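Read the structure below first, then the notes.
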Amino acid sequence: MDTLREIAGMLRDVTGEDERWAAAVTPESRLEDDLRLESVEVAALGEALHARWGVDLPAYLADLDLDQLVDLKVGDLARLVRA
């Protein structure tokens, strides 16, 4: 399974959305504006990313400025996982 689809599945799990919603997630989908993730969902996503790939999402987010946080995209997460 490719990284983007795995992340979309994780997003579906943490949001409780359905498969159709997850299928519409693209690399350009912004976590805040497009997917409307809440902080608790971002925290759960961070746990899932860490469990699967050892990614430290909180540390990554701490290094971003406010504009970067607001504009964070699914593709950014996929790049983080691949790094």
Side-chain angles (χ1 to χ4, degrees):
M1 177 182 289
D2 76 19
T3 306
L4 178 63
R5 287 296 105 204
E6 279 196 72
I7 293 172
M10 290 175 181
L11 287 164
R12 183 192 39 141
D13 291 343
V14 302
T15 61
E17 296 289 344
D18 60 22
E19 290 286 336
R20 196 169 50 147
W21 178 91
V25 172
T26 71
E28 294 303 310
S29 298
R30 292 170 296 176
L31 300 185
E32 185 173 317
D33 288 342
D34 300 324
L35 304 179
R36 304 277 188 218
L37 261 65
E38 298 193 13
S39 59
V40 68
E41 294 166 333
V42 173
L45 177 62
E47 291 176 15
L49 292 171
H50 187 267
R52 173 66 175 94
W53 291 293
V55 170
D56 188 350
L57 185 60
Y60 175 75
L61 297 177
D63 286 338
L64 301 179
D65 65 30
L66 184 57
D67 290 334
Q68 291 169 316
L69 283 169
V70 170
D71 199 41
L72 188 64
K73 297 178 177 87
V74 174
D76 299 325
L77 297 178
R79 281 186 290 283
L80 176 64
V81 164
R82 292 184 200 122

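Being a predicted model, the structure only gives us computed values, none of them experimental.
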Review point. When rounded to the nearest 0.5 angstrom, what distance separates CZ in Arg52 from OG1 in Thr3?
Key: 8.0 Å
**Study point:** Spacing of Ser39 atom OG and Leu61 atom CG [to the nearest 0.5 Å]
**Key:** 11.5 Å
Practice item. For Asp34, check salt bridge (Lys or Arg N to Asp or Glu O under 4.0 Å) against everything at least two apart and list the hits. Key: Arg30
Check your understanding: Nearest heavy-atom pair of Ala22 and Ala8: which atoms, and what distance?
Key -> O-CB, 3.7 Å
**Study point:** The single option from Leu49, Val25, Asp2 passing side-chain contact (heavy atoms from CB on, under 4.5 Å) against Ile7
**Key:** Leu49
Exercise for review: Working to the nearest 0.5 Å, report the span between CG of Leu72 and CG of Asp33.
Suggested key: 11.0 Å
Check your understanding: Excluding sequence neighbours, so at least two apart, what forms salt bridge (Lys or Arg N to Asp or Glu O under 4.0 Å) with Glu19?
Key -> Arg12
Exercise for review: Find the distance between CE (Met10) and CZ (Arg5) and round it off to the nearest 0.5 Å.
Suggested key: 13.0 Å
Check your understanding: Between Asp65, Val70, Leu69, Leu64, which is the residue that forms a side-chain contact (heavy atoms from CB on, under 4.5 Å) with Asp67?
Key -> Asp65
Check your understanding: What are the two closest non-hydrogen atoms of Leu4 and Thr26, and how far apart are they?
Key -> CD1-C, 4.2 Å
Let me check something: any side-chain donor-acceptor pairs from residues 76-83 under 3.5 Å, sequence neighbours excluded? List them with distances.
from	atom 1	to	atom 2	distance (Å)
Asp76	OD1	Arg79	NH2	2.5
Asp76	OD2	Lys73	N	2.9
Arg79	NH1	Gly75	O	3.4

Check your understanding: Looking at CG of Leu45 and OG1 of Thr15, how far apart are the two atoms once the value is rounded to the nearest 0.5 Å?
Key -> 10.0 Å
